Amino acid sequence: MPLEEEHERLLALADVSSQIFWTSAGIEKSVGGLPGWMDFTGQPAEALRGRAWLNFVHPEDRPHVKQALERGQAERVAFSVSFRLRRSDGQYIWMLGRAVPLLDADGGVREWVGTSTNIHAYRQAQERASFLARAGELLSSSLDYDATLAALARLTVPALADWCILDVLGSNGQFIRAQVVSADPSQESLVQDVRGLTPLPRDNSSYPPTLALQEGRASLVRDVTDELLRQAAQDAQHLSILRRAGLRSLLTVPLLAHGRILGALTLTLCTSGRRYDEEDLRFAQELAHRAALSVDNARLYREAREAIRLRDEFLSIASHELKTPLTPLSLKLQSLERAADAHPDSSLAPVVRSTVEAGRQQLRKLTTLMNGLLDVSLIASGCFELRREEVDLLSVVRQVVARLTPRAGKFRAPLVVEADSPVVGWWDRSRLEQVVTNLLDNALKYGAGSPVVIRVTVDNGVARLSVRDKGIGIAPEQSRRIFERYARAVSERHYGGLGLGLYVARAIVEAEGGRVHVHSALGRGATFVVELPLRA
């Protein structure tokens with residue numbers, strides 16, 4: 001009686017277990033596992049004999065399952081292996097197979113007994129966590145809007161779907177179909193037809209993309225029927241395209257970021273036997289949440305770049321327009337100066353000359369500002385050109401120093417040139433003058449009246465120009481930033497300017513194949529160093 005009770009207990013445990021029990025001997029020696037096998041796979045019990053059951057293992061997993069099986073049989077030891085087993089509905093489910101040999105008196109294997117445990121939920125959770133991690137890396141790898149959308153669509157096919165359709169909010173405030181991807185490359189013509197469909201069909205509030213785009217609601221259609229396609233279709237052509245796509249199951253989730261609907265992601269299954277379920281919908285919503293943040297960042301970046309482009313375009317036009325009246329104004333000042341020279345004994349002559357000089361100073365300042373804005377627009381548009389010739393850098397430095405000496409006198413900051421011999425290279429002379437001028441202007445402005453030392457040397461085919469002052473200096477964290485457009489390390493309220501001089505200087509130096517950097521500390525002055533190859 002105890003043996004019969006133990007046998008009954010084992011049968012009951014097998015019936016309530018989530019495992020499939022099997023033996024290599026077949027049905028007559030099974031312990032209650034065969035109903036599980038037949039219910040799960042839809043195959044007869046005879047499939048357990050020999051290796052016929054391998055036909056129901058996923059083709060990608062058969063090699064390593066055979067390898068584990070052969071090793072266990074050869075060594076007559078227990079083994080375990082994970083694999084995907086085809087369920088009766090055609091879907092592959094992850095299983096963990098364990099087998100133990102039953103040995104006879106001579107040590108030979110009488111039969112094998114084992115279990116197949118359903119680990120699909122565990123493996124799916126692992127795979128989806130890994131998928132989301134890869135998705136996060138991929139989606140954050142670029143701020144290009146179109147590239148982000150394309151990456152999102154490609155990410156889901158074929159890993160999650162046979163088709164992916166991505167509808168997004170366009171720049172005109174209307175939703176557009178941005179991406180359509182199919183797992184079948186031969187369906188390119190059909191892909192174009194699906195791309196041509198409107199995301200928001202008229203008078204069809206139950207259409208899944210419509211619910212997502214207008215109401216921010218997710219939709220799950222486990223089984224797509226022909227009746228559902230007829231209800232969703234706008235017309236006969238629309239219905240024909242939907243039928244040709246072969247939709248069997250679909251889900252649509254909105255792309256939501258900061259309370260705003262940015263678009264909708266639609267995934268469909270067409271060829272496989274599986275169907276989407278609530279767990280798939282939750283996973284798609286998590287993916288859409290992460291994707292929406294990346295899409296929103298890319299959208300904001302695109303809008304910012306467009307705003308910068310429009311600003312640069314405006315500055316280019318404005319600088320041209322503002323320079324136009326400067327020429328006649330300069331001519332008027334010359335005329336006034338000649339009039340004062342023609343009447344030197346007039347009491348108004350000194351006043352006129354003083355006014356003319358003040359006007360010229362302001363005119364030079366305006367011209368410098370306008371030229372800076374023009375240079376910025378040329379650099380931004382890629383139209384920045386160099387006209388190279390043989391140039392002596394030391395000669396350029398001496399000419400600029402001579403021109404700026406009167407200005408340096410106002411700062412009480414002497415300009416000191418240190419050089420051993422001429423340094424001749426192949427550069428654009430006028431642009432080189434601009435670099436030297438900008439660096440000296442910067443040193444005079446922030447040098448606090450200290451001497452400005454300009455040193456010119458050459459070493460191993462590289463010309464070096466250093467401009468050193470002992471002024472207010474620059475904080476280390478600002479050392480790279482000061483070479484950017486409109487950047488400054490101090491308040492413009494106290495020092496003025498547009499913050500373009502160092503940016504333009506850097507652009508010229510890099511165009512010549514060189515580099516510029518600064519060594520500085522707060523309160524200890526700054527040394528700007530330009531390195532230029534003698535031939536770019």
Side-chain angles (χ1 to χ4, degrees), residues 10-75 77-102 109 111-131 158-162 183 222-223 248-249 267 269-283:
L10 288 173
L11 290 176
L13 286 172
D15 287 337
V16 300
S17 173
S18 62
Q19 300 173 332
I20 297 175
F21 290 81
W22 55 269
T23 75
S24 60
I27 186 171
E28 66 275 12
K29 293 189 178 181
S30 173
V31 214
L34 286 175
W37 168 266
M38 290 184 292
D39 290 344
F40 191 88
T41 65
Q43 303 298 324
E46 288 74 15
L48 282 175
R49 295 191 179 96
R51 295 191 179 183
W53 63 276
L54 286 172
N55 295 328
F56 310 112
V57 174
H58 195 285
E60 295 178 1
D61 299 335
R62 287 175 197 168
H64 76 263
V65 172
K66 287 181 180 179
Q67 185 179 15
L69 179 62
E70 291 169 357
R71 185 171 59 250
Q73 290 177 339
E75 299 175 2
V77 294
F79 66 90
S80 63
V81 62
S82 58
F83 57 91
R84 284 164 289 180
L85 185 64
R86 190 173 70 228
R87 202 165 58 184
S88 57
D89 61 0
Q91 182 178 353
Y92 283 96
I93 302 299
W94 277 102
M95 309 292 285
L96 176 62
R98 294 189 179 94
V100 177
L102 300 180
V109 177
E111 65 177 306
W112 288 84
V113 297
T115 61
S116 292
T117 306
N118 188 333
I119 59 170
H120 191 73
Y122 172 73
R123 285 297 295 261
Q124 191 176 58
Q126 276 190 322
E127 291 175 353
R128 288 182 169 177
S130 176
F131 183 90
L160 304 179
D162 297 319
R222 177 175 172 79
D223 292 289
R248 294 185 180 181
S249 185
L267 305 178
L269 294 173
C270 304
T271 57
S272 64
R274 65 177 293 246
R275 298 291 185 270
Y276 287 128
D277 55 24
E278 293 293 338
E279 184 63 29
D280 293 314
L281 181 63
R282 285 191 289 271
F283 178 68

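In what follows, residues are counted from 1 in the order of the sequence shown. Not measured: the values here are computed from a predicted model.
The existence of a salt bridge linking Arg274 and Asp280 is confirmed by a sub-4.0 Å separation between a basic side-chain nitrogen and an acidic carboxylate oxygen.
Taking every heavy atom of both residues into account, Ile119 and Ser82 meet most closely at CD1-CB, 4.3 Å. The two residues Cys270 and Asp162 have their closest heavy-atom pair at N-OD2, 2.6 Å. Taking each heavy atom of Ala161 and Leu267 in turn, the nearest pair found is CB-CB, 3.8 Å. Scanning both residues, Pro101 and Ala78, for their nearest heavy atoms gives CD-N, 3.8 Å.
Partners of Asp61 according to the side-chain hydrogen bond (donor to acceptor under 3.5 Å, both in side chains) rule, which considers only residues two or more places apart in sequence or in another chain, are Arg84. For His58, the ring pair (Phe, Tyr, Trp, His ring centres under 6.0 Å) partners at least two apart in sequence or on another chain are Tyr92. Judged as a salt bridge (Lys or Arg N to Asp or Glu O under 4.0 Å), and not counting sequence neighbours, Arg86 has no contacts. Not counting sequence neighbours, the partners of Phe131 by the ring pair (Phe, Tyr, Trp, His ring centres under 6.0 Å) test are Phe283. With sequence neighbours left out, the ring pair (Phe, Tyr, Trp, His ring centres under 6.0 Å) criterion links Phe79 to Trp112. In terms of the side-chain hydrogen bond (donor to acceptor under 3.5 Å, both in side chains) criterion, residue partners of Gln91 (sequence neighbours excluded) are, by chain and number, Arg87.
Between the Asn118 side chain and the Met95 main chain, no donor and acceptor come within less than 3.5 Å of each other. Within the 3.5 Å criterion, the main-chain N or O of Leu54 finds a donor-acceptor partner in the side chain of Arg62. Of the possible donor and acceptor atoms, none in the side chain of Ser116 sits under 3.5 Å from a partner among the backbone N and O of Gly97.
Side-chain contact between Leu102 and Val113 is present, with heavy atoms from C-beta onward closer than 4.5 Å. Considering only heavy atoms from C-beta on, Arg128 stays 4.5 Å or farther from Arg282 through its side chain. The shortest distance between side-chain heavy atoms of Leu85 and Ile93 does not fall below 4.5 Å.
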Run the side-chain hydrogen bond (donor to acceptor under 3.5 Å, both in side chains) test on Glu127 and Trp94 for me, step by step, so that the C-alpha distance in whole Å, both residues' side-chain angles and the decisive distance to 0.1 Å come before the verdict.
CA-CA 11 Å; Glu127 291 175 353; Trp94 277 102; 3.3 Å; yes

Quick one: do Asp223 and Arg275 satisfy salt bridge (charged side-chain N to carboxylate O under 4.0 Å, His left out)? Show the steps, please.
CA-CA 7 Å; Asp223 292 289; Arg275 298 291 185 270; 3.0 Å; yes

Can Arg98 and Thr117 be said to form a side-chain contact (heavy atoms from CB on, under 4.5 Å), step by step?
CA-CA 8 Å; Arg98 294 189 179 94; Thr117 306; 4.0 Å; yes

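For the atom pair Glu70 CD and Glu75 CD, the distance stands at 12.0 Å (nearest 0.5 Å). Separating the CZ atom in Arg222 from the OG atom in Ser249 is a distance of 7.0 Å, to the nearest 0.5 Å.
The number of heavy-atom neighbours closer than 6.0 Å to CD of Gln67, taken from other residues, nucleotides and ligands shown, is 12 or below.
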